[in-house]
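Single-structure report; data block below.
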Amino acid sequence: MAAKKQSRGNVGELPGKLLARSFFEASPEHVSLALLGKVLTHKTKQRLLAGRIVEVEAYLGPHNDPPDAAAHSYRGPTPRNQVIFGPAGYAYVYSIYGRYFCANISCEIEGQAGCVLLRALEPMLGLDQMARNRGLEPGAAAKDLTSGPSRLCQALGLTRELHNGLDLVDKKSPLQVRDDGFLAGRVVTTARIGINPANPALEWPLRFALAGHPCVSGPKQMRG
DNA sequence: CTGTGGATTTGCT
DNA sequence: GCAAATCCACAGG
């Protein structure tokens, strides 16, 4: 075993195993819970960036009763949100407030909308690059890198132009969701963050996070 | 064609 | 705690 060229920041091995599309062919709530503890990987030419999913939110399609007025799919398919209405396991990345991006994963089956918003990760691989992407010093705190839906996009370098519509369960995809065997512990369920106060879905319990995890965003966790 | 507001983050008070 | 930053999808005329 002649030492193979040893990885020098080599982009070789992705952690764990790729998820199957069937993993995402379920309700957004179900997929949200199942996603906690899974690993989001972004493989670029130079670097492998990875983080464990520690906080998500479910957004329901308009076929639900009552419909989810907080979801982008609420008013039916548009050029922007068409990915949500497509098959499961695809990335829906959109821009917000002109400066930021948010990343989602489509659920359910083709023709039926539903998605999961990724709200926070625990950085695992490529922390130095994440800090650079965020404009922070190397060694920045984990929670400053990927705690928040737009922060994690910035840390991983995700944009609408490059990543919207990518198939996350294709083994050739630069962006994947993988299972490294981590078992999620206690899960905290709360209302979703940033919902318009006038929205009837304001208090729906569709936000899920690993209890007590330091990288979870938003209000302090309730004692569960 | 134009007006409006958003699944946010940051910096200043 | 609050408001600025700053783009574009979408709805209405």
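The figures here come from the full heavy-atom set of this structure, side chains too, leaving out hydrogens, waters and symmetry mates. In what follows, chains carry the letters A, B, and so on, assigned in the order in which the sequence lines appear, proteins first and then strands, with residues in each chain numbered from 1. Just so we're clear, the structure is a prediction, and the values are computed from it rather than from any experiment.
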Between dT2(B) and dT6(C), how far is it from one P atom to the other, in whole Å? 23 Å

Return the nucleotide paired to dT6(C): Watson-Crick means purine N1 to pyrimidine N3 with N6-O4 or O6-N4, wobble means G-U with N1-O2 and O6-N3, both under 3.5 Å. none

Base, sugar-phosphate alone, or nothing: which one does N104(A) contact when heavy atoms must sit under 4.0 Å apart? base

Anything under 4.0 Å to a heavy atom of chain A counts; send over the first and last such nucleotide of DNA chain B, read 5' to 3'. dG6(B) to dT10(B)

Are L118(A) and I105(A) packed together at the side-chain level, in the sense that at least one heavy-atom pair is separated by less than 4.5 angstrom? yes

To the nearest angstrom, the OH-P distance between Y100(A) and dC8(C) comes to 16 Å

Ion pair present between R52(A) and D180(A), side-chain N to carboxylate O less than 4.0 angstrom? yes

Have a look at R80(A) and say if it touches a base, only the backbone sugar-phosphate, or nothing, with a 4.0 Å heavy-atom cut-off. sugar-phosphate

Atom NE2 of H72(A) to atom P of dA11(C): distance rounded to whole Å? 12 Å

Flag for E108(A)-S27(A): side-chain donor and acceptor within less than 3.5 Å: no

With the side chain counted from C-beta on, respond yes when L35(A) and F24(A) share a heavy-atom pair under 4.5 Å apart, and no when they do not. yes

When you check the side-chain N and O atoms of R207(A) and T190(A), is any donor under 3.5 Å from an acceptor? yes

Using purine N1 to pyrimidine N3 plus N6-O4 or O6-N4 for Watson-Crick, or N1-O2 and O6-N3 for G-U wobble, each under 3.5 Å, what pairs with dA7(B)? none

What I want to check is whether the side chains of R119(A) and S217(A) have a donor and an acceptor closer together than 3.5 Å. yes

Please report, rounded to the nearest Å, how far the C1' atom of dA9(C) is from the CD atom of E161(A). 16 Å

Nearest-Å distance, OH (Y97(A)) to P (dA9(C))? 16 Å

